[in-house]
Amino acid sequence: MAIERVAVLGAGSWGTTFAKVVADSGPEVVLWARRQEIASAITETRVNDGYLPGIELPANLTATSDPAKALDGADAVVLAVPSQTLRANLSAWRELLPADATLVSLSKGVELGTLKRMSEVIREVAGVDESQVAVVSGPNLAKEIAVGQPTATVIACTDHDRAVDLQHACSNSYFRPYTNTDVVGCELGGACKNVIALACGMAAGMGYGDNTMASIITRGLAETARLGAALGADPLTFAGLAGLGDLVATCASPLSRNRSFGERLGRGETLAQAQEAAHGQVAEGVKSCSSIRELAAAHGVDMPITEGVHQVCHDGLSVRALGAALLGRDRKHERQ
Ligand SMILES: NC(=O)C1=CN([C@@H]2O[C@H](COP(=O)(O)OP(=O)(O)OC[C@H]3O[C@@H](n4cnc5c(N)ncnc54)[C@H](O)[C@@H]3O)[C@@H](O)[C@H]2O)C=CC1
Ligand SMILES: O=C(CO)COP(=O)(O)O
């Protein structure tokens with residue numbers, strides 16, 4: 001089914017940028033902003049100044065703070081709110097969701113408490129089959145895409161035809177989506193890389209260079225792939241855009257909120273100071289390190305970097321002690 005009208009719920013950095021990507025690809029887009037003043041400002045100035053200053057949004061993108069208006073007649077509903085708020089937000093929108101619309105997650109995280117992936121939360125709250133839920137994940141730093149820098153991404157859905165419909169709705173001269181049916185692998189790649197980016201940021205904050213970064217990225221990918229294997233993901237997904245691609249972009253980029261957050265901790269700032277510097281924008285790994293750690297433990301998977309990041313963020317471990325603990329682990333074979 002051709003997608004002609006898209007609702008994007010969440011007008012933060014990625015929600016606004018993805019709404020622009022879709023609008024630039026052809027469909028009509030309605031962007032829902034939580035705050036009325038942001039919706040009005042977008043309507044009046046065509047700019048979301050708080051999140052994407054200076055970026056002019058296309059004419060086929062309109063904004064509202066009324067979810068009913070955003071969802072009316074939507075062929076696809078894109079969910080672009082922080083992971084830990086998805087359940088509450090979607091519960092409020094449930095009655096408004098058009099019956100056969102594709103429900104698309106942009107969020108990269110694992111829910112605290114339930115340990116569910118975002119597509120699982122969506123299926124549960126909306127009461128839909130997994131074939132109706134898609135995930136977009138890849139090396140997609142919003143600020144680069146908003147200015148039209150080229151990138152690729154993955155649209156994952158167990159229903160390949162539905163993924164292809166969505167692919168058509170968000171393909172343009174600067175955004176190239178590939179399809180994949182491995183939803184589990186794509187979601188785990190997106191959630192876990194935020195935690196590994198925190199660790200890379202910590203190392204950068206301590207003054208360490210590229211060898212350290214490459215080691216954390218590579219071993220971070222190894223522990224992500226171990227979790228994926230335990231949860232039934234396709235191992236090849238982790239070598240793709242939603243795995244290695246996103247991991248490298250996030251761990252290397254000063255634009256990443258997770259990496260920047262970790263860097264502040266590495267320079268000796270407290271969690272509260274790093275949180276304040278984020279100006280209300282979400283660094284998903286700070287919470288997901290705990291849910292991913294629990295998920296790993298429930299499946300008997302060893303994730304030492306994730307464990308260490310959790311201890312730094314929530315158990316008072318110093319960044320220096322984390323480094324020493326990781327280097328002091330039992331020697332092992334690379335494939336173990
Ligand atoms: N910014 C980026 O480059 C990318 C972000 N993502 C993911 O997309 C998701 C959304 O990220 P961003 O748009 O960047 O986040 P953001 O922090 O820039 O914006 C979050 C948006 O959600 C809204 N929101 C609704 N309910 C909320 C609540 N209860 N608490 C807080 N905010 C609430 C906020 O008003 C805001 O518009 C995250 O899971 C993130 O990991 C994925 C790819 C790229
Ligand atoms: O997911 C992202 C890039 O793909 C954005 O990463 P941050 O949330 O760390 O900014």
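These figures come from a predicted structure and were not determined experimentally. Along the sequence shown, residues carry numbers from 1. Read the numbers this way: they start at 1 and go in the same order the structure lists the ligands and their atoms.
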(request) Determine, considering heavy atoms only, which of G10, P82, G190 sits nearest to atom 22 (O) of ligand 1. (result) P82

(request) For ligand 1, find out whether one of its N or O atoms is nearer than 3.5 Å to an N or O atom of V282. (result) yes

(message) Tell me whether K143 reaches ligand 1 (any heavy atom closer than 4.0 angstrom to a ligand atom).
(response) no

(message) Give me the residue, atom name and distance of the protein heavy atom closest to atom 4 (O) of ligand 2.
(response) D246 OD1, 2.7 Å

(message) Can you check which of K193, K143, E284 brings a heavy atom nearest to atom 1 (O) of ligand 2?
(response) K193

(message) With a heavy-atom distance limit of 4.0 Å, tell me whether T250 approaches ligand 2 through its side chain, its backbone, both, or neither.
(response) side chain

(message) Looking only at distances, can you tell me whether any N or O atom of R35, backbone or side chain, sits closer than 3.5 Å to an N or O atom of ligand 1?
(response) no

(request) From the options N89, V81, T16, V8, select the one whose nearest heavy atom is closest to atom 26 (N) of ligand 1. (result) N89

(request) Under 4.0 Å from a heavy atom of N140: give me the atoms of ligand 2 that qualify, with their elements. (result) 3 (C), 4 (O)

(message) When you measure from the heavy atoms of G109 to every atom of ligand 1, does any distance fall below 4.0 Å?
(response) no

(request) Quick one: look up the protein heavy atom nearest atom 8 (O) of ligand 2 and list residue, atom name and how far away it is. (result) R257 NH2, 3.0 Å

(message) Could you walk me through whether C186 and N180 satisfy the side-chain contact (heavy atoms from CB on, under 4.5 Å) test, starting with their C-alpha distance in whole Å, then the side-chain angles of each, then the deciding distance to 0.1 Å, before giving a yes or no?
(response) CA-CA 8 Å; C186 288; N180 193 329; 4.0 Å; yes

(message) For a 4.5 angstrom cut-off between non-hydrogen side-chain atoms, does Q84 reach S288?
(response) yes

(message) Between E111 and R117, does any NZ, NE, NH1 or NH2 come within less than 4.0 Å of an OD or OE carboxylate oxygen?
(response) no

(request) Kindly identify the option in K193, Q281, E284, H279 whose heavy atom sits closest to atom 41 (O) of ligand 1. (result) E284

(request) Would you tell me whether T64 and D66 have side-chain atoms, one donor and one acceptor, within less than 3.5 Å of each other? (result) no

(request) Using a 4.5 Å cut-off on heavy atoms from C-beta on, say whether the side chain of T306 contacts that of C192. (result) no

(request) Could you see which bit of R259 sits under 4.0 Å from ligand 2, with heavy atoms only: side chain, backbone, both or neither? (result) neither

(request) Check whether NZ of the Lys or CZ of the Arg R176 lies under 6.0 Å from the centre of the six-membered ring of Y178 and within 45 degrees of that ring's axis. (result) yes

(message) Does ligand 1 come near enough to R257 that some N or O of the ligand is less than 3.5 Å from an N or O of the residue?
(response) yes

